[in-house]
Amino acid sequence: MTTFAPAETASRLDRQPGGGRPKARKSPYPYWFLIPGGLIFTIFFLVPSVMAFYFSLTRWTLFDQEFIGLDNYVQFFREPALASGLWHTIVYAAVTSGLKVVLGMALAVLLTGPILGRGFMRSVAFFPVLVSTIGVGLTFQVLMHPTKGVINQALDLVGISGPAWLVDPDWALLSVALVDVWQGVGLATVIYMAGILSIPGEYFEAAKVDGAGPWHRFRHVTLPLAKPATVSVIILSLIGGMRKFDLIWAMTKGGPGFTSDVMASVVYKQYQAGFYGLSTAGNVVLFLLVIAIVLPLFWFFNRREDTR
């Protein structure tokens with residue numbers, strides 16, 4: 001009696017009688033299931049995106065519009081404040097995403113280990129994510145006051161002269177970035193914890209048998225096998241960092257001067273001043289910036305994963 005391997009049997013079953021081309025497998029779900037999601041995506045994403053691209057080429061108000069081509073984009077890149085906001089956006093996103101990756105991984109390794117009060121500590125680590133961003137910004141605006149703030153007063157007790165966090169041009173953007181990391185690292189920690197807990201325990205046991213210490217187990221087992229979590233944290237943090245507005249506006253409103261302005265705050269200021277077309281062009285530039293950075297990274301990480 002002739003036997004066939006499972007893959008060979010499936011291949012034979014998929015072919016038409018007479019050795020013709022294989023049949024296309026029918027989807028178990030009707031395609032009309034996609035209609036509700038497609039309508040929502042079209043109405044709330046595609047249509048506004050196309051309208052934003054069009055209005056970025058116009059000088060518009062609530063009552064009229066005038067097509068001016070690429071003049072808004074030319075003016076955008078000629079304005080020093082707008083160009084610096086673009087640079088600040090990239091710096092802010094890089095700093096926040098980098099720190100969230102490092103601190104999120106460190107906290108996840110700690111909170112998946114045998115520590116006392118592990119469940120409580122996990123809740124504490126995630127709690128800042130649940131707090132209102134505006135509330136966090138206003139709270140740290142008080143805590144970071146250069147003379148009356150609790151942070152600088154605590155540093156004075158140990159003989160350290162704290163900086164003027166939010167009023168020093170050299171510290172303003174970094175100060176907001178550190179607060180962003182404090183609030184958002186809990187989400188990165190949860191993602192890393194899920195990635196670490198999904199690693200089979202046999203890998204760690206085998207590493208122990210081979211004499212690997214904690215550092216080598218982390219480097220050769222945890223770090224490579226938690227790569228999907230790392231990719232998720234990097235992508236989400238970069239997108240969130242480049243789109244950040246509420247925390248920056250609550251803490252500094254882009255000041256002092258324009259030293260902590262990012263793309264979102266610059267766009268908001270232009271909209272407040274009545275330059276609607278220019279602000280729309282800034283939104284389009286921000287959208288394209290996110291796409292230009294995130295998509296290549298996503299493709300790069302997935303390509304390296306597929307080649308293994």
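Bear in mind the structure is a predicted one, so any value in this text is a computation, not a measurement.
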Are the side chain of N72 and the backbone N or O of T58 linked by a donor-acceptor pair below 3.5 Å? yes

Decide side-chain contact (heavy atoms from CB on, under 4.5 Å) for L86 and F77; before the verdict, give the C-alpha distance in whole Å, the side-chain angles of both, and the deciding distance to 0.1 Å. CA-CA 9 Å; L86 178 63; F77 286 106; 4.1 Å; yes

Once rounded to the nearest 0.5 Å, what's the spacing between atom CE of M105 and atom CG of L110? 13.0 Å

Rounded distance [0.5 Å steps], CD in Q183 versus CG in L130: 9.5 Å

Looking at F126, I'd like to know if its CZ atom is crowded, meaning that more than 12 non-hydrogen atoms belonging to other residues, nucleotides or ligands lie closer than 6.0 Å. yes

Looking at A207, is its backbone amide N or carbonyl O close enough to the side chain of R217 to form a donor-acceptor pair, meaning the two atoms are under 3.5 Å apart? no

Supply the atom-to-atom distance H145 NE2 to N152 CG, rounded to the nearest 0.5 angstrom. 10.0 Å

Around atom CZ of R219, are there more than 12 heavy atoms from other residues, nucleotides or ligands closer than 6.0 Å? no

Does V179 reach the side chain of M144, with side-chain heavy atoms less than 4.5 Å apart? yes

Check A172 against G255 and note the closest heavy-atom contact, atom names and distance. CB-O, 3.7 Å

Between K244 and V262, which heavy-atom pair has the shortest distance, and what is it? O-CG2, 3.5 Å

Closest non-hydrogen contact found for D261 with K253 is OD1-O, 4.4 Å

Among the clusters formed by ILVMFWY side chains lying less than 4.5 Å apart, do I293 and V95 turn up in the same one? no

Which is it for Y54 and V50 under the side-chain contact (heavy atoms from CB on, under 4.5 Å) test, yes or no, and what are the steps along the way? CA-CA 6 Å; Y54 170 72; V50 173; 5.7 Å; no

Side-chain heavy atoms of L107 within contact of Y192, under 4.5 Å: no

Determine whether L99 and L178 make a side-chain contact, defined as any pair of heavy atoms from C-beta on separated by less than 4.5 Å. yes

Applying a strict under-4.5 Å side-chain criterion to I, L, V, M, F, W and Y, I'd like to know whether L295 and L289 cluster together. yes

Distance-minimising heavy-atom pair for L187 and V129: N-CG2, 3.5 Å

When you look at CZ of R243, are more than 12 heavy atoms from neighbouring residues, nucleotides or ligands closer to it than 6.0 Å? no

Find out if a path of hydrophobic residues (ILVMFWY) with successive side-chain heavy-atom gaps under 4.5 Å connects I191 to V102. no

So, do F53 and T280 sit near enough that their side-chain heavy atoms are less than 4.5 Å apart? no

How close do F245 and A264 get, counting heavy atoms only, and between which atoms? CB-CB, 3.6 Å

Counting distance only, does the side-chain N/O of R59 pair as donor-acceptor with the main-chain N or O of I68 below 3.5 Å? no

In sequence, state the C-alpha distance, the side-chain angles, and the governing distance for L138 and V142, and then conclude on side-chain contact (heavy atoms from CB on, under 4.5 Å). CA-CA 7 Å; L138 296 177; V142 176; over 6 Å; no

W249 atom CH2: more than 12 heavy-atom contacts under 6.0 Å: yes

A side-chain contact here means heavy atoms from C-beta on lying under 4.5 Å apart; do T139 and L143 qualify? yes

Does any donor atom in the side chain of Y92 or S260 lie under 3.5 Å from an acceptor atom in the other side chain? no

Please tell me whether V221 and V209 are part of a single hydrophobic cluster in this structure, the criterion being side-chain heavy atoms less than 4.5 Å apart. no

Which heavy atom of K100 sits nearest a heavy atom of S237, and at what distance? CD-OG, 3.6 Å

Tell me whether the count of non-hydrogen atoms from other residues, nucleotides or ligands lying under 6.0 Å of NE2 in H220 goes above 12. yes

Look at the aromatic rings of W165 and W171 and report parallel, tilted or perpendicular, splitting at 30° and 60°. perpendicular

Do V176 and L173 sit in the same hydrophobic cluster, where Ile, Leu, Val, Met, Phe, Trp and Tyr count as joined when their side-chain heavy atoms come under 4.5 Å apart? yes

Could you walk me through whether Y203 and T222 pass the side chain to side chain donor-acceptor pair (under 3.5 Å) check? CA-CA 9 Å; Y203 291 105; T222 304; over 6 Å; no

Could you go through the ring-ring contact (aromatic ring centres under 6.0 Å, His included) check for F140 and W182 one step at a time? CA-CA 11 Å; F140 273 91; W182 175 85; 5.2 Å; yes

Quick one: does V294's side chain get under 4.5 Å of I239's, heavy atoms only? yes

Report the residue from V284, N283, L278 that forms a side-chain contact (heavy atoms from CB on, under 4.5 Å) with S56. V284

Just how far is it from atom CD1 of I235 to atom OG1 of T230, taken to the nearest 0.5 Å? 11.5 Å

Looking just at side-chain N and O atoms, do T61 and D64 make a donor-acceptor pair shorter than 3.5 Å? yes

At what distance, to the nearest 0.5 angstrom, does OG1 of T259 lie from CG of L174? 12.0 Å

Intermediate values then yes/no, side-chain contact (heavy atoms from CB on, under 4.5 Å), S279 and F275: CA-CA 6 Å; S279 64; F275 300 109; 5.8 Å; no

For the residue pair F55 and W60, does the interplanar ring angle fall in the parallel (under 30°), tilted (30 to 60°) or perpendicular (over 60°) class? tilted

What is the distance from atom CD of E205 to atom CG of D210, rounded to the nearest 0.5 Å? 11.5 Å

